[in-house]
2 protein chains.
Amino acid sequence: METFATRGYHNASLAEIAERAGLTQAGVLHHFRSKAGLLTGVLDLRDQSDIGTLGEERPRGLAFLRHLVETAARNAEREGIVRLYAVLSAESVTEGHPAQDYFRTRYEGLRGLLVEALTEAGELGEIDEGIDPVAAASAVIAVMDGLQVQWLLAPEAVDMAAVTELAITALLGRPLPEAD
Amino acid sequence: METFATRGYHNASLAEIAERAGLTQAGVLHHFRSKAGLLTGVLDLRDQSDIGTLGEERPRGLAFLRHLVETAARNAEREGIVRLYAVLSAESVTEGHPAQDYFRTRYEGLRGLLVEALTEAGELGEIDEGIDPVAAASAVIAVMDGLQVQWLLAPEAVDMAAVTELAITALLGRPLPEAD
DNA sequence: GTCTATATTTGGATAGAC
DNA sequence: GTCTATCCAAATATAGAC
């Protein structure tokens, strides 16, 4: 994870990964059939503790948006994870990238989660009728992703949580309720 | 440009670039001292026709924000350029990447341009007093960047111009004036 | 200014011993 | 399950002819 985050997929070498894991390059390939397989394994592992796989008990309505702001705040303390996703998601749009399907599916899922949360918020009367859940969903995800790159290049210049909350409240047209 | 956009920096080879340019790999290195030098050259070239280098006659106040929406619309017809910046900007956060300074400076400049435009808009009475130009600047840039990755992975699922305009109008708390 | 040739390094992957 | 040894391909960069 750390090596892919620090170097990206193509510039990461199995030799470096092996060394950091305490075995040889051939040893790594005993557990994963190829470098691409290793990347897939890393992403699958990460997924088990990530937002993209929130279960049925996930927060509903605006509480989900609040959860995203908290995620942004927590991310400011997890540079490695932020870098991993920022680097790999963008790299995945290159030709034949092994994580392309993963990120296509991930974004589709994230947009779906947000559309659902925004729709719930509408039904609960938490937000105005006029809001387009699909457009707002893309916007929220985009802000969070874009902030990560800016923050990685200049951590002192960008407050990810504050700007995320600003953008969300602006899109909703009202303040976000505090966390429980 | 096309090769770096399609493959990223590390996975692009001088051989492919040379072939597409109609000469040999050694021929390319006669004009650029190294692969990193070539990347720098590409970015410098692009800069001459790009938003980051708008001169003194750039649009002022909200007209600048309108200009950004138009850029997003135009970008939907320029996948190559979009991919170039999306891939390289994220890749630039990896260790020792040759475009790191370029993108750090670029984002700093973009934020400065946005802050200036938003400040002008405030002085012109085009937007409310309460708006924080610095936070809004980061947000606008982030939305545009984030949308590009989503759009590259699923062009049919994301309307870059519409969502950009939605986010900007939300952040401003009012509609954006039409272009001249 | 472009080429061929080559040096040198590094990469991913495989075979087979232990 | 891990290692050593090796293969093979590809990469950047340089030297020097034309």
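So that the names make sense, note that chain A is the first sequence line, chain B the second, and so on, each numbered from 1.
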If you take all heavy atoms of Pro133(B) and Ile131(B), which pair is closest and at what distance?
CD-O, 3.2 Å
Roughly, in whole Å, what's the span from [atom1] in [X] to [atom2] in [N]?
X        : N       : atom1 : atom2 : value
Glu19(A) : dG11(C) : CD    : C1'   : 16 Å
Asn11(B) : dT10(C) : CG    : P     : 18 Å
His30(B) : dT4(C)  : NE2   : P     : 15 Å

My understanding is that only residues two or more places apart in sequence, or in another chain, count here; which of them pass ring pair (Phe, Tyr, Trp, His ring centres under 6.0 Å) with His97(B)?
Tyr9(B), His10(B)
side-chain N/O His31(A) vs dT2(D) OP1/OP2, d < 4.0 Å
yes
Phosphate OP1/OP2 of dT2(C): any Thr24(B) side-chain N/O under 4.0 Å:
no
Side-chain donor-acceptor pair under 3.5 Å between Tyr107(A) and Asp145(A), yes or no?
yes
Donor-acceptor contact present, side-chain Gln25(A) to main-chain Ala15(A), <3.5 Å
no
For the pair Gln150(A) (side chain) and Ser138(B) (backbone), establish whether a donor and an acceptor sit closer than 3.5 Å, ignoring hydrogens and angles.
yes
Using atom types as modelled, flag every donor-acceptor pair under 3.5 Å from a side chain in residues 155-165 of chain B to any protein atom, sequence neighbours excluded.
| residue | atom | partner | partner atom | Å |
| --- | --- | --- | --- | --- |
| Asp159(B) | OD1 | Ala161(B) | N | 3.3 |
| Asp159(B) | OD1 | Ala162(B) | N | 3.0 |
| Thr164(B) | OG1 | Met160(B) | O | 2.6 |
| Glu165(B) | OE2 | Arg66(B) | NH2 | 3.2 |

Going 5' to 3' through nucleotides 12-18 of chain D and flagging B where a protein heavy-atom sits under 4.0 Å of the base, S where only the sugar-phosphate is that close, and - otherwise, we get BBB----
